Amino acid sequence: MVAPPNQPSLLEVSFRYDVTGGSTQLIRTRWVAGGLVLLATAICAHLLKLPLPELPLYATGLAVLAYNGAFVWASRRAYTPDVAALLKRTRWIVAAQVTLDWLALAAFVHWTGGVTSPAIPFLLVHLLIVSIVLPRWLPYLYVGLGMALLAAIAFLEGAGILPHYTVIPGLPADLHTNPVWIAGVLGFTLVAAAGIASLTVNIMAQLRQREDRINALFATTQAVTSATNITALLDRMARTVAEALGARGAAIHLLDETSDALTVAAVYGLSQSYLARNSLELSRGAVDGELMAGLPVVVHDIASDPRIRHARQVADEGLRSLLAVPVIGRSKPLGILCVYSDQPDRFTLADADFLMAIGRQSANALENALVFESLQQAEQARAEFVQVVTHELRAPVAGSQTLLRTMMRGLAGELNEQQRDLLSRIEHRLDMLMELVNDLLALAASKTLDVEEELKRQPLQPVLRHIVDRVSREAEAKGVQLQLDLPFEVLSVRATEVGLTRIFDNLIGNAIKYTPSGGRVCVRVVERPAGVVITVSDTGIGIPEEDIPRLFEGFFRARNAKESGIIGTGLGLNIVKQIVDRFGGMISVSSVLGQGTTFKVTLQRASPADEADEAA
């Protein structure tokens, strides 16, 4: 019910984008600013003939370009896939950039006239950029830094500690010592800077909040279209809404159709002791009167709201406010989505509107997952029914085969040619029926959950050796050469022993079955970058080209296989394809009619994690 430790939250992703994107924007802007300082100095000094200190201004422009190049290098060196480490390094780089920018601006203001400088508005422009790229309270910190630098310049120039440069013709030479002028410039700049910072920070906070909520809606939409496991889906929903709203936690309560009760289905951000209560905080009146009617419920103060049950227990968890919305499907309510905060009056009507949208998406996801789950249950029930029926058929069919073979050997009396021919036909039909029963059992077993073991590290060579040893007598009796080519290194794949046995029992058995006497069957294993590749090749009857696309369909047999009179049901390759797909592998076939067939199975190699799981 909690997020994986290495998975970044929506807020982390958003803040990472703000910081790294802001750093890049500052670097790009600084290239332009440094170049403009050099160009403007040359124009003002040589074309406009203004009394500027050229060398200090050129040095300032070159210094800006130089440390900007250093930040480009540092930004590249700071990259790491670790989100937390990247954020920490980038924050330091951005802080250093803004600090050096203020120092460069302070020097530029000093060289262009101090408190009489026409460049003072550039402080406000830089502050606007800083307020856009830096989140939360950081712009206010840099307002203080900028005002402190401007006040220091005014004091040092007024006291004669720093030289004063009058660059605008016609200004009084002692204007920089006039306290009224100094107070006016500092006051105006402070008010303008604070106003710009406050307005920009508020606007950017709203934009970031909207971005977070769009990300949350996008994540919810992804869950709607991809998730089929209800538990994983609900856990993801709870985490997403809590992070998007900056809330303490979230919970999803589902409606039990049989008892009309609400039970906790997913929780994020709350303690285990609180989860043990497994009950809804809202009174039944609030649930029936508002939520089930499709309206949100906003609780501004849990301690004093009469709609809250067990207010003391809720307060002990540190929860102060609550927002709940209904999760309503196409035709009926499905449950309730709640978010919690440790602050009173935390949630607004805008939050309620956003959570209602999440609730609608959650309803779609829930209904899709419930439909998928019901289909799985129906498929499992069907497979179990087939398994029971075919298992019950196996005993009488096997008994009939035994009695028939007894009669065919003459142990129940002599048979004439007509009787022997009829019994031979019956024996052939019973063999076909037993083949069908065995294939139906295998098909049902491949779909029932109790035999679908968890995929794990499975050595491949022992399974193949065992199968080849078992069928070698059949191949030898038929006059078919059976060859097994295995690498010396033990190769392990993500699979189950039962599944591997079914795959290659079928493929190798088919290769022997459809290869005439004097032919050859080769089983070969090689390692490739895509995984482990197992090929089963034969020199048998081959497959017509037009039949190859349908080869893995249930109950389909190639035309020449039917005409050969060889017993088969057309289920074997269908079962093989299902098992290979479940293992995350691939199967392909190539064939030339009358010359032979090659099946190629590619399976995933077992990872170190699979090996660690097995060792544990």
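Note that the coordinates shown come from a computational prediction; the quantities given were computed from them, not determined experimentally.
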- Rounded to the nearest 0.5 angstrom, the CG-CZ distance for Leu245 and Arg346 is 6.5 Å
- Item | Donor-acceptor pair, side chain of Asp235 and main chain of Ala266, under 3.5 angstrom | no
- State, to 0.1 Å, how close Leu65 and Gly35 come at their nearest heavy-atom pair, and which atoms those are. CD2-N, 4.0 Å
- Message: I want to check something: taking the side chain as every heavy atom from C-beta on, are Trp181 and Thr116 in contact at a cut-off of under 4.5 Å?
- Response: yes
- Task: Output the distance between atom CE (Met586) and atom OG1 (Thr602), rounded to the nearest 0.5 Å.
- Result: 4.5 Å
- Query: More than 12 foreign heavy atoms under 6.0 Å from CH2 of Trp31: is that the case here?
  - Reply: yes
- First locate atom CD1 of Ile252, then atom CG of Leu262, and finally report the distance between them rounded to the nearest 0.5 Å. 12.5 Å
- Item | Atom pair OG/CG of Ser341 and Leu319 - distance to nearest 0.5 Å | 8.5 Å
- Item | With sequence neighbours excluded, residues passing side-chain hydrogen bond (donor to acceptor under 3.5 Å, both in side chains) with Asp305 | Arg307
- Looking at side-chain heavy atoms only, is the closest gap between Val297 and Phe347 below 4.5 Å? no
- Does the Gln97 side chain pair with the main chain of Leu26, one donor and one acceptor, at a distance under 3.5 Å? no
- Mind listing the closest non-hydrogen atom pair of Ala119 and Thr112 along with its distance? CB-OG1, 3.8 Å
- Mind checking whether Val167 and Pro118 have side chains closer than 4.5 Å, heavy atoms only? yes
- Message: Glu54: which residues meet the salt bridge (Lys or Arg N to Asp or Glu O under 4.0 Å) condition with it, sequence neighbours left out?
- Response: none
- Query: How are the rings of Phe122 and Phe108 set to each other: parallel, tilted or perpendicular (split at 30° and 60°)?
  - Reply: perpendicular
- Task: Output the distance between atom CG (Leu52) and atom OG1 (Thr166), rounded to the nearest 0.5 Å.
- Result: 11.5 Å
- Item | Flag side-chain contact, heavy atom, 4.5 Å: Phe583 against Val493 | no
- Task: Report yes if the side chains of His110 and Glu157 come closer than 4.5 Å at any heavy-atom pair, otherwise no.
- Result: yes
- Is atom CG of Leu55 surrounded by more than 12 heavy atoms (other residues, nucleotides or ligands) closer than 6.0 Å? no
- Could you go through the side-chain contact (heavy atoms from CB on, under 4.5 Å) check for Ile27 and Asn68 one step at a time? CA-CA 6 Å; Ile27 288 173; Asn68 199 47; 3.8 Å; yes
- Item | Closest heavy-atom pair and its distance - His176, His164 | ND1-CD2, 3.3 Å
- Query: Of the non-hydrogen atoms in Cys338 and Ala324, which two are nearest, and what is the gap between them?
  - Reply: SG-CB, 3.7 Å
- Query: Residues in salt bridge (Lys or Arg N to Asp or Glu O under 4.0 Å) with Glu317, at least two apart?
  - Reply: Arg248
- Note on the structure: One should read off an interatomic distance between Leu100 CG and Leu105 CG, to the nearest 0.5 angstrom, of 11.0 Å
- Query: Leu254 versus Leu234: any side-chain heavy-atom pair under 4.5 Å?
  - Reply: yes
- Any side-chain heavy atom of Leu103 sitting closer than 4.5 Å to one from Leu149? yes
- Message: Does Leu349, at its CG atom, have more than 12 non-hydrogen atoms belonging to other residues, nucleotides or ligands within less than 6.0 Å?
- Response: no
- Item | Minimum-distance pair of heavy atoms, taken over all atoms of Ala104 and Tyr67 | CB-OH, 3.8 Å
- Note on the structure: Between Ala197 and Ser131 the two heavy atoms that sit nearest each other are CA-OG, 3.7 Å
- Message: Which residue in the set Thr200, Ile196, Asn202, Val201 passes side chain to side chain contact (heavy atoms under 4.5 Å, CB included) when paired with Ser198?
- Response: Asn202
- Message: Apply side-chain contact (heavy atoms from CB on, under 4.5 Å) to residues Arg320 and Ile302 and explain how you reach the verdict.
- Response: CA-CA 5 Å; Arg320 299 293 305 277; Ile302 287 176; 5.7 Å; no
- Message: Contact between Val98 and His126 at the side-chain level, heavy atoms closer than 4.5 Å - yes or no?
- Response: yes
